[in-house]
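Both backbone and side-chain heavy atoms feed into the values below; hydrogens, waters and symmetry mates do not. Chain letters run A, B, ... following the sequence lines, proteins first, then strands; residues in each count from 1.
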Amino acid sequence: MSSSINLTLKIWRQPHSDALGSLETYTLDHISTDMSFLEMLDVLNEKLTKEGKDPVAFDHDCREGICGMCGAIVDGVAHGPEKEVTLCQLHMRHFKSGDTLVIEPFRSRAFPIKKDLLIDRSALDRIIQSGGYVSVNTGGTPDGNSIPIPAKQAELAMDAAACIGCGACVASCPNGAAMLFTSAKISQLALLPQGQVEGKERALAMVAQMDSEGFGNCTNARECEAVCPKGISIRNIARLNREYLTAVLSEG
Amino acid sequence: MELNARVPAGPLAEKWDNHRFANKLVNPANRRKYRAIVVGTGLAGASAAATLAEQGYQVQVFCIQDSPRRAHSIAAQGGINAAKSYQNDGDSVFRLFYDTIKGGDFRAREANVYRLAQVSNEIIDQCVAQGVPFAREYGGTLANRSFGGAQVSRTFYARGQTGQQLLLGAYGALSRQIKAGRVAMFTRREMMDVVLVDGRARGITSRNIITGEMESHVADVVILATGGYGNVYFLSTNAMASNVTAAWRAYRCGAGFANPSFVQIHPTCIPVHGDYQSKLTLMSESLRNDGRVWVPKNQGDLRKPADIPEAERDYYLENKYPSFGNLVPRDVASRNAKEQCDLGKGVGSTGLAVYLDFADAISRDGRETIFKKYGNLFQMYEKITDSNPMVEPMMIYPAVHYTMGGLWVDYDLMTTIPGLFAIGECNFSDHGANRLGASALMQGLADGYFIIATAVANYLGTNKLEQINEHAAPFLDSRRGCEDRIARLLKNSGGGPAGKCTVDEIHKELGRLMWDNCGMARNATDLQAALEELPKIGKKFWDHVYIPGNTREINQSLERAGRVADFLEFAEIMIRDALTREESCGCHLREESQTEEGEAKRDDANYSHVSVWEHGGDGAPKLHKEPLSFEFVTPSQRSYK
């Protein structure tokens, strides 16, 4: 049932990329437990606005867990304490009255903070640009049913393709690695016949781009898998490694 | 305003081929000399940008989010239609065309809708080639399902994330062109204005959301793919940043806006639960295949659903529509839910909800079967509401979902401004007065992958454009106009927030006005009252809105304020459009136009037209009409009794 709680929030405030940031403390009373986490931040921002203060900047859009735009570290965990949800799908009933919540942006060398909780994740776009697609132009493609794909294979590809590109994996990795993100796309295409033609070039190019963006490497800490809102498995990282090794060895 | 749809002559099935042949082309070697601007990176925008770049044009692409992959197409759940007839169940291009035009209640152009059905098959082939992981049968062929009450299985899907997978396919194609240097991608940009030179669209003014700078971008054609305007109601299933600004700026520059009152209201959404609510969540329509909709027979019955005996429940859809029951179309289901709640029989803490009950399906098919079918939806519902639909009935209520209205376009998807095109949800074209399930994804990709490039080539091939740059007077004027507008938005904010109102407060007030008076069922009295109330909200906004922060920084309140200011202006043509359409059609019941049984009554004699609104400067907007004639199908009245 719906009830209301009182909270203390410690939120990372940083005016712009080059400024020093710090945690500011706010109290927020009478928060309905039916609210989503972002609605709680909306309420805080209305309050700050009415007090003549600067509202907290944060990214968000679809508010149903699919666009990948929202995300913050809540008490040390990306997207907060619930499993397999994004921040917008986290509801306040998971907190108790009197709780103090520490809210910080996703932190990584490759994700500069632009303001408060709002970060620049364009490095992830550049990894996809380096080869995360099948190089096919529009038009002249064969009939959809001319390439049979076993249902199980298609399902595995879909498991990987479900990645929303939020960056929680990067923010949670002790090495700041984007391996789960990169492997999700490499796996999806490696599991499908359409992705075979460029498999080697793709693995080499995407890993090279990942490295040049300043992301770290995987040491099987599995923190990424634990926080992934879409439950993407590190088996995909094993597939990435296999694709990459095969490419390196056969490219000689 | 001249409304020449430029529909090609000839038999329906040959129009698109004839048109492609008659259209001018641009030599491959010359294409790199032309620049196209694409605003928006949803299915329509991303696919258009990738396709134009592949063909050799220089393309500049703009999106409001931090990445082109976030556009709201990503949230589409159900699927995408195509006339493949893989299931051998009697489907054809003509049947998909017929279903779409009938579903739109005969308020769309025959030729456009037929072309949509024709290219639907190529879309599936394209997406498969890109590696979109569509659902498969065990033999490895593509799986289909019947969707939204269609009599054939023509919907392709990727779990409940079809929009996401199609968008990521288009985003991949776009990313490849960015890497190749043929697309320049501008993220975190908001389009503020279209720039016209000698009456033609020659570029845009955009605001950099990170730095607050106004920027000019010059091109030979401008393509808007900026989505729908459902957020005029404040609460909708749209993403938070979805807005009417780009389309509205185009309207103010002279583009006609067609059928703005045509809004689809989806019957199965999670009900509103508090003032703080920021958006509404859609639950898939497929739930109505097994769920039974009911309300208590007695007004104000506050007992728990389990305590209400069978005899005191009203399964109103089954009783009223015995042959379709719970599977009546979206508009009928939505309207009836509202009617029951208006009668005081709504349930839940707000009284604005009806039950969707799976108890009978569970006892008929077993817990396991039902959970297998709907488990993921039930879990999503439980996450939001903390209630388990396997144990107690779901509560649902209609919510604004899709806008069929949009910028008027001709057969080539060009607005009334030469060189300005509109694709995807932001144009009005294919869905008439109501969109069928799984047709939005089809239209977005049809426009972007298969139609826009032909249209752009023809425009460039038939028009000689002067060389210009961003220092030309129209660009300077546009930038200055946009800066002035931002200064006006901030003019109340100097003295602090005391006695002022916030952007969201005004947006909510506008939303309530629109939902109450220009929603599912409309009448002249309420619409007239809304038309009188609207300027008061507008005045309150401009005189009292308080926006913290400055222009030259990230300022999310300022971004929202600009969008709300446009919604406030746009709402006027929505209400006027609803007022002048004195018939019930598609999604909307006009209370004055009902049959004796209280069902929607369409009026083909007087309203078989597209209503197109022209900006009237300081005066009232002007209404123009594009008559709709039906050469190949005969409009019929819908009946679900």
Side-chain angles (χ1 to χ4, degrees), chain A residues 16 32 34-35 38-39 42-43 46 49-55 57 59-64 66-69 85 89 91 93 114-115 118 120-122 124-125 128-130 132-138 141-145 147-151 154 157-158 161-162 165 188-189 192 194-195, chain B residues 50-51 54 65-67 69-70 72 74-75 84 86 122 124-126 128-131 133-142 158-159 161 164-165 168 172-173 175-176 178-179 187 210 239-241 273-274 276-279 281 383-384 386 449 496-497 502 504 546 548-549 553-554 556-557:
Chain A
H16 53 85
S32 162
D34 280 343
M35 271 185 208
L38 298 188
E39 284 167 348
D42 290 341
V43 170
E46 281 289 281
T49 303
K50 284 178 170 296
E51 290 169 358
K53 295 177 185 155
D54 195 25
D59 264 330
H60 62 100
D61 201 16
C62 78
R63 297 208 174 189
E64 52 187 271
I66 193 75
C67 75
M69 190 120 173
V85 292
Q89 295 172 298
H91 281 74
R93 67 181 72 96
K114 304 307 279 186
K115 185 179 180 182
L118 192 148
D120 177 355
R121 284 167 292 196
S122 55
L124 299 182
D125 283 326
I128 298 295
Q129 286 158 19
S130 70
Y133 39 76
V134 177
S135 296
V136 52
N137 282 351
T138 305
T141 48
D143 184 86
N145 262 348
I147 319 166
I149 300 171
M158 183 61 218
Q188 176 201 341
L189 297 174
L192 296 172
Q194 298 94 313
Chain B
T51 302
E54 286 160 11
Q65 296 91 350
D66 70 325
S67 161
R69 67 182 291 157
R70 316 253 187 242
H72 192 52
I74 204 143
K84 284 283 194 187
Y86 281 159
E122 288 175 82
I124 301 304
D125 300 341
Q126 185 65 35
V128 169
Q130 289 171 345
F134 282 120
R136 299 269 167 175
E137 302 292 353
Y138 283 103
T141 52
L142 289 155
R159 292 196 190 143
Q161 292 135 274
Q164 181 200 25
Q165 293 309 312
L168 293 181
S175 296
R176 176 172 162 242
I178 296 171
K179 179 74 180 173
T187 59
I210 300 289
M240 303 303 286
H273 48 75
Y276 50 80
Q277 188 143 359
S278 58
K279 82 155 269 167
T281 305
K383 267 178 200 166
I384 296 172
D386 205 22
Y449 282 134
T502 67
D504 279 8
Y546 172 75
E553 61 180 14
I554 296 172
Q556 296 179 318
S557 306

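In this structure, the portion of B:Phe134 lying under 4.5 Å from any heavy atom of chain A is its backbone and not its side chain. At a 4.5 Å heavy-atom cutoff, the contact between B:Gln556 and chain A is made by side-chain atoms alone. For chain B, the nearby parts of A:Ile149 are the backbone and the side chain; heavy atoms of each come within less than 4.5 Å. The contact between A:Asn137 and chain B is made by backbone and side chain atoms together, counting heavy-atom distances below 4.5 Å. Using a 4.5 Å cut-off between heavy atoms, B:Ser557 contacts chain A through its side chain alone, with no backbone atom that close. Both the backbone and the side chain of B:Gln65 come within contact range of chain A, each with at least one heavy atom under 4.5 Å from a heavy atom of that chain. In this structure, no portion of A:Leu38 lies under 4.5 Å from any heavy atom of chain B. The contact between B:Gln126 and chain A is made by backbone and side chain atoms together, counting heavy-atom distances below 4.5 Å. Proximity to chain A is limited to the side chain of B:Ile178, based on heavy atoms less than 4.5 angstrom apart. Using a 4.5 Å cut-off between heavy atoms, A:His16 makes no contact with chain B at all. Residue A:Ser122 does not touch chain B at all, counting heavy-atom pairs closer than 4.5 Å. Only the side chain of A:Arg93 comes within less than 4.5 Å of a heavy atom of chain B; its backbone N, CA, C and O stay farther away. When heavy atoms are compared at a cutoff of 4.5 Å, A:Gln188 approaches chain B solely by way of its side chain, counted from C-beta outward. In this structure, the portion of B:Ile210 lying under 4.5 Å from any heavy atom of chain A is its side chain and not its backbone.
Comparing B:Asp66, B:Ile124, B:Thr141, B:Asp504 by heavy-atom pairs within less than 4.5 Å of chain A, the highest count is held by B:Asp66. Taking chain B as the reference chain and counting heavy-atom pairs below 4.5 Å, the highest number among A:Asp143, A:Leu192, A:Thr49 is found for A:Asp143. For the set A:Gly195, A:Gly68, A:Ser130, the count of heavy-atom pairs under 4.5 angstrom toward chain B peaks at A:Gly68. Most heavy-atom pairs under 4.5 Å with chain A: of the set B:Ser278, B:Ala75, B:Ala135, this distinction falls to B:Ser278. The candidate from A:Ser32, A:Ala157, A:Ser135, A:Gly132 with the greatest count of non-hydrogen atom pairs under 4.5 Å with chain B is A:Ser135. Looking only at heavy-atom pairs under 4.5 Å with chain A, the residue among B:Arg159, B:Glu553, B:Glu122, B:Gln161 that has the most is B:Arg159. Taking chain A as the reference chain and counting heavy-atom pairs below 4.5 Å, the highest number among B:Gln277, B:His273, B:Gln164 is found for B:Gln164. Among A:Asp42, A:Thr138, A:Val85, A:Val134, the residue with the largest count of heavy-atom pairs under 4.5 Å with chain B is A:Thr138. Interface summary for chain B: among A:Leu118, A:Leu124, A:Val43, the most heavy-atom pairs under 4.5 angstrom belong to A:Leu118. Of the listed residues (A:Glu46, A:Gln89, A:His60), the greatest number of heavy-atom pairs within a distance under 4.5 Å of chain B belongs to A:Glu46.
Between the side chain of B:Gln130 and the main chain of A:Tyr133, no donor-acceptor pair closer than 3.5 Å is present. Between the side chain of A:Lys115 and the backbone N or O of B:Ile554 there is at least one donor-acceptor pair closer than 3.5 Å.
Looking at B:Arg136 and B:Leu142, their side chains come closer than 4.5 Å, going by heavy atoms from C-beta outward. When side chains are defined from C-beta on, A:Met69 counts as touching A:Arg121, because their heavy atoms get closer than 4.5 Å. Put simply, the side chain of A:Glu39 reaches to within 4.5 Å of the side chain of A:Arg63, judged on heavy atoms. With contacts defined as side-chain heavy-atom distances shorter than 4.5 Å, the pair A:Asp34/A:His91 does not qualify.
Between B:Pro133 and B:Gln165, the shortest heavy-atom contact is CD-OE1, 3.5 Å. Considering every non-hydrogen atom in both B:Ala129 and A:Thr141, the closest pair reads CB-CG2, 3.5 Å. Between A:Asp61 and A:Cys67, the shortest heavy-atom contact is CB-SG, 3.8 Å. Between B:Ala173 and B:Glu54 the shortest heavy-atom distance is CB-OE2, 4.4 Å. A pairwise comparison of heavy atoms in B:Thr187 and B:Ser67 identifies CG2-CA, 4.2 Å as the closest pair.
Taking a cutoff of 4.0 Å between a charged side-chain nitrogen and a carboxylate oxygen, B:Lys84 and B:Asp125 qualify as a salt bridge. Using a 4.0 Å cut-off between charged nitrogen and carboxylate oxygen, B:Arg70 and A:Asp59 do not count as a salt-bridge pair.
For the residue pair B:Thr281 and A:Glu64, no side-chain donor N or O sits within less than 3.5 Å of a side-chain acceptor on the partner.
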